[in-house]
Protein chains: 2
Amino acid sequence: MKRKVSQATVHRLSLYTRYLGELEAREVDYISSDKLGEGIGTNAAQVRKDLSIFDRFGIPGRGYPVSFLRKRLAKILGVEDRVWRVAVVGAGCLGTALVCYSRFEKQGFHFVAILDNDSAKIGTRIGKLEVADISDLERIIRSEKVEVAVISVPVQNAQQVTDLMVEAGVRAFLNFAPVNLNVPPHIVLRNVDLTVEFEGLSFHLINH
Amino acid sequence: MKRKVSQATVHRLSLYTRYLGELEAREVDYISSDKLGEGIGTNAAQVRKDLSIFDRFGIPGRGYPVSFLRKRLAKILGVEDRVWRVAVVGAGCLGTALVCYSRFEKQGFHFVAILDNDSAKIGTRIGKLEVADISDLERIIRSEKVEVAVISVPVQNAQQVTDLMVEAGVRAFLNFAPVNLNVPPHIVLRNVDLTVEFEGLSFHLINH
DNA sequence: CTATGTGAAGGCCTTCACAGCG
DNA sequence: CGCTGTGAAGGCCTTCACATAG
């Protein structure tokens with residue numbers, strides 16, 4: 001890695017990887033930076049800059065070898081020949097939906113547990129998983145070797161649950177609770193906030 | 001509006017608004033740019049710059065009036081004294097979860113319809129809504145005066161469904177399908193791609 | 001004396017433009 | 001001759017620092 005990889009670049013690496021997967025399924029051998037950019041909604045210069053951070057993947061006059069590039073990017077993203085073990089905390093609408101959605105499994109994110117504090121939910125089955133009692137959190141995280149957690153609990157429980165998970169050894173969080181979580185500096189945290197997304201739409205509808 | 005409002009600023013306006021709502025509930029009257037920044041995970045300078053785009057909301061020596069500022073920001077975001085009518089297309093795991101999640105209603109996003117093409121789902125009840133037949137799309141969009149649509153259909157149907165919706169008059173889309181949708185320039189589109197989010201976590205776990 | 005509002009500086013990301021490779 | 005890789009330029013966003021208001 002020659003330079004710092006920006007958040008924006010990481011985001012696009014994901015999109016390139018997915019689009020290259022589609023091309024691979026359609027048995028396309030080579031793709032130009034121009035077409036690859038078009039496929040994910042950016043331009044050729046951006047594509048070449050992004051890829052040049054890591055290596056010289058392309059062949060002047062031909063473009064990028066689709067299959068080779070997809071594998072290399074998947075490796076860079078950490079999703080080639082590898083599975084991440086994920087726990088979902090909060091078996092509400094959203095937590096349930098994530099577990100039932102199969103694409104993540106295919107992409108190397110394996111859901112190994114779903115936890116809740118509601119005794120009416122504990123023991124019930126969601127997809128292939130049985131809802132576990134949140135008071136068993138630490139034991140489950142350790143025995144299941146959970147590395148990534150999804151926070152889909154109500155706002156008022158989110159920070160506490162996150163603290164417990166950090167203590168139990170979880171290193172990365174995808175947070176759906178609409179609150180600013182505080183985590184130690186070595187912990188990876190990304191927020192998905194659907195209200196923010198809706199309000200983004202609303203702002204542009206009103207101001208354009 | 002004195003200058004162009006960046007995407008990043010719009011995002012933070014949402015976060016400020018939410019945090020100010022919490023402060024309002026706790027009956028806090030004034031907040032400094034420093035504390036407001038801390039509350040959403042940014043700094044005082046950023047807060048002051050963001051807010052100064054629109055007006056002089058603050059009182060030197062005291063800070064910002066919480067309730068007044070919250071209302072003004074909600075107005076700017078288009079969620080004060082107003083309801084947006086939203087349709088969800090695709091009654092799978094995710095579409096169902098969104099309709100059952102009540103926070104959006106409170107924030108001014110009112111779900112008025114959920115559509116699917118699966119005859120096994122059509123007519124069934126999800127929350128307060130009955131799943132409608134997607135072949136009635138145009139009629140429903142017009143009669144329900146839908147302005148915003150959520151795309152939660154499989155990738156292969158996403159573009160077609162979006163085209164139909166644009167034609168029927170929908171002006172804004174929140175797209176959960178992992179595909180780059182093409183829409184006319186005057187249409188507002190935001191993508192929520194959970195695979196990208198997971199891969200973002202993965203990248204940072206591997207490279208730090 | 002505290003905390004805002006804002007030009008200026010700094011830093012990061014994107015776009016340009018072209019040398020050079022296949 | 002087409003398309004990549006990459007310095008340079010441009011543009012946008014964040015941070016700094018301080019004059020100014022309450």
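Proteins get letters first, then strands, A, B, ... in listed order; numbering begins at 1 in each.
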Original post:
Of the nucleotides D/dG22, C/dC18, D/dC18, which one has an atom closest to the side chain of B/Arg48?
Top reply: D/dC18

**OP:** Establish, with yes or no, whether the OP1 or OP2 oxygen of C/dG22 is under 4.0 angstrom from a side-chain nitrogen or oxygen of A/Tyr30.
**Re:** no

**OP:** Would you state whether a donor and an acceptor, one from the side chain of B/Arg62 and one from the base of D/dG22, lie under 3.5 Å apart?
**Re:** no

**OP:** Provide, to the nearest angstrom, the distance between the CZ atom belonging to A/Phe54 and the C1' atom belonging to D/dG5.
**Re:** 15 Å

Original post:
What is the distance from CD1 of A/Ile53 to C1' of C/dT14, rounded to the nearest Å?
Top reply: 12 Å

Original post:
Counting only side-chain N and O atoms of A/Asn43, is one of them less than 4.0 Å from OP1 or OP2 of C/dT15?
Top reply: yes

**OP:** Figure out the NZ/C1' separation between B/Lys49 and C/dG7, and round it to whole Å.
**Re:** 7 Å

**OP:** Give the rounded distance in Å between these two atoms: CD1 of A/Ile31 and C1' of D/dC3.
**Re:** 13 Å

**OP:** Round to the nearest Å and state the distance from B/Asp50 atom CG to C/dG5 atom P.
**Re:** 12 Å

Subject >> D/dA21 OP1/OP2 closer than 4.0 Å to side-chain N/O of B/Arg56 >> reply: no

Subject >> Of A/Lys4 and A/Ala45, the one whose closest DNA chain C nucleotide lies more 5' >> reply: A/Lys4

Original post:
Heavy atoms under 4.0 Å, any strand shown: does A/Gly61 hit a base, just sugar-phosphate, or nothing?
Top reply: base

Original post:
Under 4.0 Å: is that the gap between some side-chain N or O of B/Gln46 and OP1 or OP2 of D/dC13?
Top reply: no

Original post:
Would B/Ser33 and B/Arg48 count as having a side-chain donor-acceptor pair, cut-off 3.5 Å?
Top reply: yes

Subject >> D/dT14 phosphate, OP1 or OP2, under 4.0 Å from B/Arg12 side-chain N/O >> reply: yes

**OP:** Output yes when at least one side-chain N/O atom of A/Ser33 is less than 4.0 Å from OP1 or OP2 of D/dT4, else no.
**Re:** yes

**OP:** Round to a whole Å and report the spacing from CG of A/Asp34 to P of D/dC1.
**Re:** 20 Å

**OP:** Measure the distance from CG on B/Leu51 to P on D/dT14 and round it to the nearest whole Å.
**Re:** 13 Å

**OP:** Write down the distance between CG (B/Leu69) and C1' (C/dT4), rounded to a whole number of angstrom.
**Re:** 13 Å

Original post:
Do B/Ile134 and B/Val89 touch side chain to side chain, with heavy atoms closer than 4.5 Å?
Top reply: yes

Subject >> Exceeds 12 heavy-atom contacts within 6.0 angstrom, atom CD of A/Gln160 >> reply: no

**OP:** Verify the distance criterion only: is there a donor paired with an acceptor across the side chains of A/Thr9 and A/Ser6 at less than 3.5 Å?
**Re:** yes

Original post:
Quick one: do the B/Glu24 and B/Ser67 side chains pair a donor with an acceptor below 3.5 Å?
Top reply: yes

